[in-house]
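Letters A, B, ... mirror the listed sequences (proteins, then strands); counts begin at 1.
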Amino acid sequence: MNKSEALLELRDVSHGYSLRAGATLRVIENLSLEVRFNEFLGIVGPSGCGKSTILRIMAGLIKPLSGVVTFRGSILNGTTPRISLMHQIPPLLPWLTVRENIALALIARDDLTEEEKRLKVTQFLELVELTGYDSAYPYELSGGMKQRVALARALVTDPDLLLLDEPFSNLDPLTSLSLSREIEYMWLESTLPPISVVMVSHNIEEVVMLADRIIVLGSRPARILAEVPIEMQRPRNKKSEEFYRLVDEVFSLIS
Amino acid sequence: MLWEIITAVTLSWARIAAAIILSVSAALVVGIYSGISRRVDRIAIPVLDVLQSVPILGFFPIAVYILAKAIPSVGYEIASIFLIFTCTFWNLAFGVYEGARSIPQTVLEVAELSKLSHTERLRKIYIPATFPKVADQLPASLANAFYFLAASEVMALGEAEVRVAGIGTLILRYQEIGNYEGIVLGILATALSIAAVYLLILTPIISYSDKYRFDVIKPAAGATPSLLRGLYSRFKSIQAPLKVESRRISEAAQRLLPTQFVNVKYMRSDLMRLLLIIFIVASLVLLVPRIYANMDDVWAAIMSVAAAGLRLGLTNVGEALAYSFLRVLACLALMTAFSIPLAYFMSEKPRIRASLLPALQMLAAMPSPLIFPIISSLFEAGALTRELGALLLMALGSIWYVFYSTLSGFSRVHSEYLELAEMYKLSSVQRFRYIYIPFATPSLVTGLITATGGAWNTVIVAERLGEGGAIFEVYSPGLGKMMSTLAEMADTAGLVFTVIVMTVFVILVNRLLWRALYDYSIRALRIHEQV
């Protein structure tokens, strides 16, 4: 097996949607990038540049028109429990309780016993600080709590890679700060999933706060404008000069 | 003969077009105003609900009689259009109402802030916003119009029977004289004309209406046959003013309304309902003396209706009602069993859906006389198959309401949920159980409510079928059979009595059973107006 350094790799990936017979809207053209082991990768770009499409290609939800996606050295064909995606607006099923919503991720797994599934769900409920909300329904939760249920659901499968699609864009600043700390903690903690995280966002501060490396995308069709390594110490201080400088740098690359 | 058929098809289409235009206009007016004004809502929706569940076919002889007497020259034409209207209006009206009710509050606030005038609001918001619902409902309306075409083109009261010229009556005549070539040609011509209208008019309208939808539409691959792409790209040039607006609105709506569900909340006022029943009974009472011109006393009319009730025997009527109710329930079970698997299959396979929908549309639009031969052979075979034939006839009249509602319920499942199912590798059964069924339940129940009305209406035809001079009826009792017999004997008092019995029963069941079921499903699924 090819032991590459990357956890996940996109090679020459192009994708588009057919508009009318003949015409195609190119969303991504010849994009190559890698997600390394133990990396928090941020992807920023103007809205509508195809960030979400890239994330869905990484998740195996969309098969690109051309190019190759490899995960742990082998070609990615469709979805796998090893890769989880957290949506911008958490699609929780209103008729299932918090526990049932999280358990949904394990429902099709036959390598775990019911008891093991139950324990796992309990463990992640605890991790996202929702113990006691087992039997609550989504409509009874605040936006931040819903997002945490979605996080627990994304992590309960023990994924190697967690993909985040604008996870904080619908939350108030305080809630998004605490959720971002939670995600950072899970990722840093080596006993917990995931190994690597990819976060897509148009909020530069958010990304600078969390990422090891930022890929700046240009608008349609998406291509890489720049790559910015962030080597700041964690936990990062939003008020430090270095932070401001990095945000400025990324900002000037986009605009 | 060919010329005869072409003329008949054209005449029928003219009638149907008139009825549909009338239905859409009336549905827009009633639906929009009930959707936006609490006061209108409180009155109009219960009225619609009652009228919809009233066995229309039972009223027809009376209505036709009045119209024909009032305007002898065109009375029958108008009556025929009116009959078609009653087949096409209800689902449109409820669809528009649902559409008007689900306009996001933010959009209405924008209209308020920018001080749009009344007409501007109608033109820029209400009509465009409810347009997709109209487009969704048109196929069902059209199918229904054709299904009942023969019934709508034949008007009978007692011995007298008037037929207006059209393809429904023409096929009926061919059947009576045994002109099989004519029947086949007539069916072919009808099918062709429906196919043409579906492909050239309905499909572009439906695709075009997608632009006006508030909810996120999953990119349905090949939802429209490519042949038509060019055609409606021309339609595209017509639209412009609302495009930007509606996109901006839909973005806001996505945030506000992660899931939109049908909200049928029009059962607020029991008092209103009671008043309505009184109103209907009163108007019936007022109609009867007109028919019995020699009896000018209202009391005498009431007494004659009551006497008719006693004459028929209350146990007989009760028994007949019970049997008919069982038939309606069986019919609903049949429709659900048909609709859910097919709608599920079609939502999972968008490509098949694209090619199957027009075929289904054509199947749905087959005029009922076409299946009479099949039904009557079932009727001839024996008692049990006779019941089956009646069931089939009832189901075919309104199965499309259930099917299209289920389909639209399934298409409410947003792509994020399907991605979830894909990520966690849910099996088909799990997908169905955890995602599709709960999402579609409110729509399914709404469809069933509409279909119940339809099934009760068809009971009259289904339990006692006259075909080519012969009459087939179910062996067991049935209220429809009773009504049909009474109509034939021109026993108006008896007919009125049975109509009242059926109406009251239908309303009670509607109120006690269906609404409760709907509310229960909403509660059990934790679906709240703004999730």
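- Crowding of B:Leu512 atom CG: a count of heavy atoms from other residues, nucleotides or ligands under 6.0 Å exceeding 12.
- Crowding of B:Phe338 atom CZ: a count of heavy atoms from other residues, nucleotides or ligands under 6.0 Å exceeding 12.
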Intermediate values then yes/no, side-chain contact (heavy atoms from CB on, under 4.5 Å), B:Leu420 and A:Arg153: CA-CA 10 Å; B:Leu420 214 64; A:Arg153 185 168 64 187; 3.4 Å; yes
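- In terms of modelled atom types and a separation under 3.5 Å, the side chain of A:Trp95 and the main chain of B:Ile435 share no donor-acceptor contact.
- The salt bridge (charged side-chain N to carboxylate O under 4.0 Å, His left out) test applied to A:Glu182 returns A:Arg148, not counting sequence neighbours.
- For residues 418-438 of chain B, the set of pairs meeting the salt bridge (charged side-chain N to carboxylate O under 4.0 Å, His left out) definition, not counting sequence neighbours, comprises A:Arg56-B:Glu419, B:Glu348-B:Arg431.
- Residue contact with chain A, scored on non-hydrogen atoms closer than 4.5 Å, involves the backbone and the side chain of B:Glu416 alike.
- Residues of residues 96-113 of chain A lying under 4.5 angstrom from chain B, judged on non-hydrogen atoms, are A:Leu96, A:Leu104, A:Ala105, A:Ile107, A:Ala108 by number.
- By the salt bridge (charged side-chain N to carboxylate O under 4.0 Å, His left out) test, A:Glu205 pairs with A:Lys238, sequence neighbours left out.
- The two atoms that bring B:Tyr424 and A:Ser84 nearest to each other are OH-OG, 4.2 Å, heavy atoms only.
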